[in-house]
J.: 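Would you mind keeping the following structure in view while I ask a few things?
Note that the numbering runs from 1 along the sequence shown for the chain. Since this is a predicted model, take the numbers as computed values, not measurements.
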Amino acid sequence: MSTPVVTNKWAGSFDCDVCRRKRLMADEFSKKALERYRRDGKPLKCKACVQSAEEKERAAPEARRINDSTIHETRECSVCQTQKEFSDFNRNQWNKGERKSKCRLCVEKVLAEESLKQVQGKEQKLKDARAKVAIAKESGDKAKALAAESELAALEAELVTGLKPVRMNRGGGRGRSGRIRSRGGRGRK
């Protein structure tokens with residue numbers, strides 16, 4: 001009886017261009033990197049090098065934040081009207097200047113209010129669409145009922161999937177309909 005073959009110990013035919021390791025197996029690289037290498041001949045970067053680069057990227061903003069926290073300027077929040085330090089503001093809000101910048105807490109409150117309004121607006125649209133379906137069914141007009149039901153279905157689908165419905169056949173396609181051509185141009189006569 002022979003021993004089972006362990007394939008991950010075999011030498012591969014790929015080289016990492018960053019750490020310069022040679023004869024690596026394909027499982028040392030991401031699938032997309034291998035596809036790019038095979039298709040376009042792009043240089044390969046092993047998973048370990050990608051991970052270390054990502055860690056360096058994540059550490060850079062933290063180092064900047066530590067350096068920025070040494071700034072002890074204060075500014076008044078335009079919403080809550082209280083004096084707060086630099087660390088209580090986002091960089092974008094701080095850069096807006098005096099009387100325009102909002103502190104982190106106020107920005108979060110505003111975002112929460114906006115999302116609540118958006119949810120309430122969607123619920124109101126659904127309620128209105130359901131009422132429109134009921135009215136259309138009572139009227140007995142099948143065309144209006146179908147249109148109202150399709151509108152309701154589109155709103156419910158948007159709620160579930162997050163994708164807005166696409167309206168078809170509104171012009172602007174590849175066909176000739178809707179375009180007016182003059183006779184004096186370069187086209188056929």
Side-chain angles (χ1 to χ4, degrees), residues 1-71 73 75 77 84-97 100-123 125-126 150-175:
M1 232 52 214
S2 65
T3 58
V5 177
V6 181
T7 58
N8 63 358
K9 297 198 181 217
W10 290 1
S13 61
F14 300 104
D15 302 335
C16 177
D17 286 353
V18 177
C19 64
R20 302 285 186 219
R21 292 189 301 159
K22 305 276 184 203
R23 299 184 67 196
L24 298 173
M25 295 293 294
D27 65 347
E28 292 281 332
F29 302 93
S30 71
K31 187 176 180 181
K32 279 193 171 187
L34 289 171
E35 287 173 1
R36 271 183 274 155
Y37 173 73
R38 289 181 180 128
R39 184 181 62 228
D40 304 328
K42 299 252 178 166
L44 282 171
K45 189 190 279 191
C46 67
K47 288 179 182 176
C49 293
V50 169
Q51 186 177 6
S52 66
E54 287 175 354
E55 288 173 1
K56 286 178 186 175
E57 253 183 74
R58 280 189 226 112
E62 289 180 27
R64 277 195 305 246
R65 245 184 266 131
I66 291 169
N67 291 340
D68 289 344
S69 65
T70 58
I71 300 172
E73 292 182 48
R75 182 175 286 176
C77 173
K84 297 193 175 191
E85 289 190 14
F86 174 80
S87 60
D88 293 329
F89 292 89
N90 293 333
R91 183 181 301 272
N92 289 342
Q93 292 293 327
W94 184 265
N95 290 337
K96 286 184 178 181
K100 291 182 181 178
S101 54
K102 300 173 198 161
C103 66
R104 291 177 196 264
L105 295 174
C106 292
V107 168
E108 289 173 7
K109 285 179 189 175
V110 167
L111 289 175
E113 288 172 4
E114 286 177 2
S115 66
L116 181 65
K117 284 180 184 177
Q118 192 175 31
V119 167
Q120 289 173 346
K122 285 182 180 180
E123 289 173 357
K125 279 184 181 179
L126 273 171
S150 66
E151 186 179 331
L152 176 63
L155 288 172
E156 288 174 343
E158 182 182 347
L159 184 68
V160 172
T161 63
L163 300 173
K164 293 196 177 217
V166 177
R167 294 187 182 223
M168 304 295 282
N169 298 334
R170 293 283 177 161
R174 301 182 106 201

J.: Less than 4.5 Å apart, any side-chain heavy atom of Q51 and any of E55?
T.: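 Side chain of Q51 against side chain of E55, heavy atoms only: contact under 4.5 Å found.
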J.: Rounded to the nearest 0.5 Å, how far apart are CD of Q93 and CZ of R75?
T.: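 Q93 CD to R75 CZ: 10.0 Å, rounded to 0.5 Å.
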J.: Nearest 0.5 Å, please: how far is OG in S115 from CD in Q120?
T.: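 If I round to the nearest 0.5 Å, the distance is 9.5 Å.
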J.: What distance separates K32 NZ from K42 NZ, expressed to the nearest 0.5 Å?
T.: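 Rounded to the nearest 0.5 Å, the NZ-NZ separation comes to 13.0 Å.
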J.: Given side chains that start at C-beta, do those of R104 and N90 come closer than 4.5 Å, heavy atoms only?
T.: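 A side-chain contact exists here, since the closest heavy-atom pair is under 4.5 Å.
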J.: Which atom pair, heavy atoms only, marks the closest approach of K22 to D15?
T.: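 Shortest heavy-atom separation between K22 and D15 comes out as CA-OD1, 3.4 Å.
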J.: How long is the gap from CG on D88 to CD on E85, to the nearest 0.5 Å?
T.: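 Reported to 0.5 Å precision, the distance equals 6.5 Å.
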J.: For the atom pair CG (L34) and CG (L44), what is the distance rounded to the nearest 0.5 Å?
T.: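 The CG atom of L44 is 6.0 Å from CG of L34, to the nearest 0.5 Å.
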J.: Could you report the tightest heavy-atom contact between C46 and C16, atom names first, then the distance?
T.: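 The pair with the smallest heavy-atom distance is N-SG, 3.4 Å.
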J.: Could you check if a side-chain atom of F14 sits within less than 4.5 angstrom of a side-chain atom of E28, using non-hydrogen atoms only?
T.: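 No; the side chains remain at least 4.5 Å from each other.
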J.: Between atom SG of C106 and atom CG of L111, what is the distance when rounded to the nearest 0.5 Å?
T.: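 If I round to the nearest 0.5 Å, the distance is 11.0 Å.
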J.: Look at atom NZ of K125 and say whether more than 12 heavy atoms of other residues, nucleotides or ligands are closer to it than 6.0 Å.
T.: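 Result for NZ/K125: open.
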